[in-house]
Amino acid sequence: MPSPSPSGPPVLPISEHEDEIVAAVEANPVIVVIGETGSGKSTQLSQILHRRGYTRRGAIAVTQPRRVAAVSVSRRVAQELGVSIGEEVGYAIRFEDRTSEKTKIKYLTDGVLLRESLSNPELKQYSVIILDEAHERSLNTDILLGLMKRLIKHRASDLKVLITSATLDGLKVSNFFSGCPVLNIPGTIFPVEKFYSTDRPTNYIESSLRTAIDIHVKEAPGDVLIFMTGKDDIDKMVSKLEERIQNLEEGSCMDALVLPLHGSLPPEQQVRVFSPAPPNCRRFIVATNVAETSLTVDGVVFVVDCGYVKQRQYNPSTGMYSLDVVEISRVQADQRAGRAGRTRPGKCYRLYPSSIYQKEFLEATVPEIQRTSLAGSVLYLKSLNLPDIDILKFDFLDPPSRESLEDALRQLYLIDAIDESGQITDVGRLMAELPLDPSLSRTLIEANELGCLSQALTVAAVLSAEITLRQTRSKDMEGKRKRQELPDGSGWGDHVQLLQIFESWDQADYDPRWCSDHDLQVRGMKFSKDVRNQLSQIIQKIAKGPTDLQARRGRKSDPEYRKLRRALCVGYGNQLAERMIHHNGYHTVGYRTQLVQCIHLLYLKVMNTGNCLCMSSTTN
DNA sequence: ATCTAAAAG
């Protein structure tokens with residue numbers, strides 16, 4: 001066993017509970033650990049069990065909902081144990097496996113653990129599995145919770161499962177695991193005083209603005225974190241805030257620095273929030289819910305909370321997603337407030353009345369499993385070949401509606417992944433192996449049959465990266481840096497445009513500058529390149545044609561896109577719409593016809609019958 | 001004329 005390095009593990013609240021934890025683990029197959037932020041649960045639990053000999057017969061897996069967390073926490077643990085990453089301590093995330101035979105403590109994303117259990121359902125290499133941050137209720141964590149419940153029955157003698165959560169829903173999880181013990185570990189957070197508005201503001205941007213200025217003029221030093229719903233609001237807020245601060249009387253208050261923060265910001269701009277405020281300067285960070293859990297901004301003492309969040313929800317009766325601005329939950333509101341109390345006591349300004357918080361807000365955010373299409377998860381579970389399992393009766397912590405499960409089965413049936421009796425088909429098995437949504441994996445398989453696999457791989461990869469093509473108008477051409485023209489899809493729609501974009505980048509030898517010259521996110525393009533590699537590797541064993549890019553052969557004839565279009569229509573057969581002749585709109589094709597309006601630009605001409613469209617979301 | 005939160009394989 002490695003001895004602690006001189007820098008050693010810091011003394012954290014959890015250290016005092018070591019014996020208690022070990023005794024509970026010893027006596028129970030599953031335990032729940034409630035640990036607030038600052039309790040040290042993410043870094044210490046694994047080390048405690050390692051010290052106490054639980055790694056003699058296998059490794060400890062610790063899952064995280066996010067890649068960055070898996071990497072950064074494992075780095076810290078490796079440092080505390082005085083070893084290099086990849087030795088006793090390692091991590092595994094998509095595209096990056098930093099583990100070896102020596103690895104005893106392995107941090108991984110919950111998605112990676114699900115992939116592992118696809119090829120190794122008993123997860124025999126692990127003696128302990130810790131599901132960390134279970135309160136976030138990511139889709140993958142919820143699936144894992146169900147799988148763990150089954151697994152501990154099969155491996156009662158040699159597997160320990162720990163579920164850790166920050167909030168107090170421990171009883172619910174404990175009930176799910178037939179009343180297992182719940183241990184509480186206090187954290188180190190400071191009190192946050194909450195202030196409520198008397199009314200809901202009619203314009204929450206204006207209201208946030210006033211609150212922020214008020215703080216700036218009246219309050220002691222300390223950064224301000226302002227929660228908004230999206231990029232648009234953030235940009236508006238940033239410019240208005242800068243303008244108002246400019247207009248304040250010279251010398252009446254300290255300097256100010258206003259920073260936007262959201263997920264689509266290029267990384268170099270995101271990290272700006274990690275450098276502390278200059279002397280005599282207050283920072284205003286205007287953020288989406290990234291700042292709620294994913295990114296922690298140090299130095300925040302004041303929080304302004306508009307009480308809303310953008311949430312994507314799936315409607316199983318129409319088979320479509322919508323992105324809506326909805327009220328946050330009480331848990332979410334408290335999480336936002338907590339961001340003001342990380343370094344010292346803070347204040348949180350809630351732009352809604354206390355009665356709304358009490359009576360209108362939901363107790364907790366609706367878990368993702370109840371807001372998303374379950375086609376992918378159901379296919380995954382089917383491919384595990386679990387004995388005696390009826391998907392409609394799978395034991396979930398919060399079961400999705402029957403309607404949603406039936407929708408998933410119908411969707412899978414429509415794309416040949418399961419048969420009439422609900423059995424997974426050969427096509428379905430192949431699909432489950434691909435790290436893609438079922439519609440896209442079905443597209444790949446069809447493309448393989450039609451002889452356009454290479455093109456489809458590219459489209460699937462770029463779609464996975466969710467690249468946004470910003471519409472820049474001609475008047476944006478001012479300034480030195482001219483945005484260069486992107487391929488336009490030659491009238492074949494957005495999928496082909498994405499294909500052409502990736503092929504052009506390939507011809508530019510994957511130069512990052514090509515991306516910035518064309519106003520594309522380097523991060524997203526690199527991601528699609530990685531995905532493409534991963535997909536072609538997986539599909540190699542069934543590939544009937546070349547999988548590498550074929551764009552370099554010069555342009556003797558016009559490229560052929562008909563087959564690709566056909567493959568897409570098979571994959572998205574459940575999400576097609578047809579243009580209405582003589583009308584400016586579309587209606588869905590299928591068992592239930594619905595008028596739709598295209599907002600996601602996935603335009604295709606198909607099947608010789610006129611104009612058709614593959615949708616991922618709609619309005620109306 | 002209209003628009004996308006965040007996260008994962």
Side-chain angles (χ1 to χ4, degrees), chain A residues 63-71 92-97 108-119 133 136-144 227-235 260-265 270 287-295 306 308-313 321-326 328 332 335 365 367-369 371-372 376-377 379-380 383 431-438 440-441 460-461 463-473 494 521 523-524 527-528 530-535 537-538 584 597-603 615-620:
Chain A
T63 70
Q64 296 290 330
R66 278 174 296 281
R67 302 157 54 99
V68 276
V71 176
I93 59 177
R94 191 180 190 181
F95 312 133
E96 205 183 351
D97 185 351
L108 31 57
T109 48
D110 40 26
V112 168
L113 188 61
L114 281 177
R115 285 285 135 190
E116 287 186 358
S117 73
L118 204 52
S119 53
E133 314 290 357
E136 290 192 22
R137 304 296 307 277
S138 77
L139 177 62
N140 288 337
T141 303
D142 271 19
I143 306 275
L144 281 171
F227 283 102
M228 300 267 101
T229 60
K231 179 179 177 301
D232 257 25
D233 288 352
I234 289 172
D235 290 346
L261 179 61
H262 51 82
S264 47
L265 223 50
Q270 267 186 29
T288 60
N289 41 331
V290 268
E292 222 170 76
T293 47
S294 310
L295 295 174
C306 70
Y308 294 102
V309 69
K310 265 187 195 163
Q311 231 174 40
R312 198 167 84 129
Q313 16 223 8
Y321 281 99
S322 59
L323 187 68
D324 310 316
V325 174
V326 298
I328 58 174
Q332 223 170 343
Q335 175 70 24
T365 310
E368 194 186 357
I369 199 164
R371 288 188 283 117
T372 197
S377 304
L379 181 61
Y380 171 84
S383 75
M431 286 169 56
E433 275 186 59
L434 294 161
L436 292 171
D437 290 333
L440 271 179
S441 20
L463 283 179
S464 299
E466 290 177 7
I467 302 239
T468 44
L469 303 174
R470 270 196 299 170
Q471 294 261 34
T472 38
R473 284 186 237 142
D494 286 16
Q521 292 176 21
R523 199 177 19 155
F527 185 81
S528 31
D530 287 337
V531 175
R532 199 184 184 287
N533 284 335
Q534 189 190 23
L535 294 177
Q537 233 169 46
I538 295 171
N584 185 21
Q597 186 186 1
C598 172
I599 60 168
H600 201 199
L601 316 166
L602 300 180
Y603 165 68
M615 301 159 303
S616 64
S617 58
T618 69
T619 54
N620 295 347

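Note that these values count all heavy atoms, side chains included, but never hydrogens, waters or copies made by symmetry. Naming: A, B, ... by sequence-line order, numbering from 1 per chain.
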What contact category does [X] fall into here, base, sugar-phosphate, or nothing, at under 4.0 angstrom with non-hydrogen atoms?
{"X": "A:Leu436", "value": "base"}
{"X": "A:Val531", "value": "nothing"}
{"X": "A:Arg94", "value": "base"}
{"X": "A:Ser138", "value": "nothing"}
{"X": "A:Glu292", "value": "nothing"}

Can you check the [X] [atom1] to [N] [atom2] distance for me, whole Å?
{"X": "A:Leu265", "N": "B:dT4", "atom1": "CG", "atom2": "C1'", "answer": "14 Å"}
{"X": "A:Gln521", "N": "B:dA5", "atom1": "CD", "atom2": "P", "answer": "12 Å"}
{"X": "A:Leu118", "N": "B:dG9", "atom1": "CG", "atom2": "C1'", "answer": "11 Å"}
{"X": "A:Glu96", "N": "B:dA8", "atom1": "CD", "atom2": "P", "answer": "13 Å"}
{"X": "A:Leu114", "N": "B:dA8", "atom1": "CG", "atom2": "C1'", "answer": "10 Å"}
{"X": "A:Asp235", "N": "B:dC3", "atom1": "CG", "atom2": "P", "answer": "16 Å"}
{"X": "A:Asp110", "N": "B:dA7", "atom1": "CG", "atom2": "P", "answer": "13 Å"}
{"X": "A:Arg66", "N": "B:dA8", "atom1": "CZ", "atom2": "C1'", "answer": "11 Å"}

message = Under the rule for salt bridge (Lys or Arg N to Asp or Glu O under 4.0 Å), what residues qualify as partners of A:Glu368, not counting sequence neighbours?
response =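 In terms of salt bridge (Lys or Arg N to Asp or Glu O under 4.0 Å), with neighbours along the sequence ignored, A:Glu368 is linked to no residue.
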
Salt bridge (Lys or Arg N to Asp or Glu O under 4.0 Å) partners for A:Asp530, two or more places apart =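 Per chain and number, A:Asp530 pairs via salt bridge (Lys or Arg N to Asp or Glu O under 4.0 Å) with no residue.
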
key: Intermediate values then yes/no, side chain to side chain donor-acceptor pair (under 3.5 Å), A:Gln64 and A:Asp110   = CA-CA 6 Å; A:Gln64 296 290 330; A:Asp110 40 26; over 6 Å; no

To the side chain of [X], which of [options] is closest?
{"X": "A:Glu368", "options": "B:dG9, B:dA7, B:dA5", "answer": "B:dA7"}
{"X": "A:Lys310", "options": "B:dG9, B:dA6, B:dT4", "answer": "B:dT4"}
{"X": "A:His262", "options": "B:dA6, B:dT4, B:dG9", "answer": "B:dA6"}
{"X": "A:Lys231", "options": "B:dG9, B:dA7, B:dA5", "answer": "B:dA5"}

inquiry  = Looking at every heavy atom in both A:Ala432 and A:Leu118, which two are closest together, and how far apart are they?
reply    =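 Closest heavy-atom pair between A:Ala432 and A:Leu118: O-CD2, 3.9 Å.
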
key: Earlier contact from the 5' end, DNA chain B, for A:Arg371 and A:Phe527   =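 Result: A:Arg371.
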
OP1, OP2 of [N] versus side-chain N and O of [X]: anything below 4.0 Å?
{"X": "A:Thr468", "N": "B:dC3", "value": "no"}
{"X": "A:Arg67", "N": "B:dG9", "value": "yes"}
{"X": "A:Ser264", "N": "B:dA5", "value": "no"}

request  = Measure the CG-CG distance between A:Leu144 and A:Leu139 for me, rounded to the nearest 0.5 Å.
outcome  =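 If I round to the nearest 0.5 Å, the distance is 10.0 Å.
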
query = Strictly under 6.0 Å, is that where the ring centroids of A:Phe227 and A:Tyr308 end up?
reply =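 No: the rings miss the under 6.0 Å criterion.
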
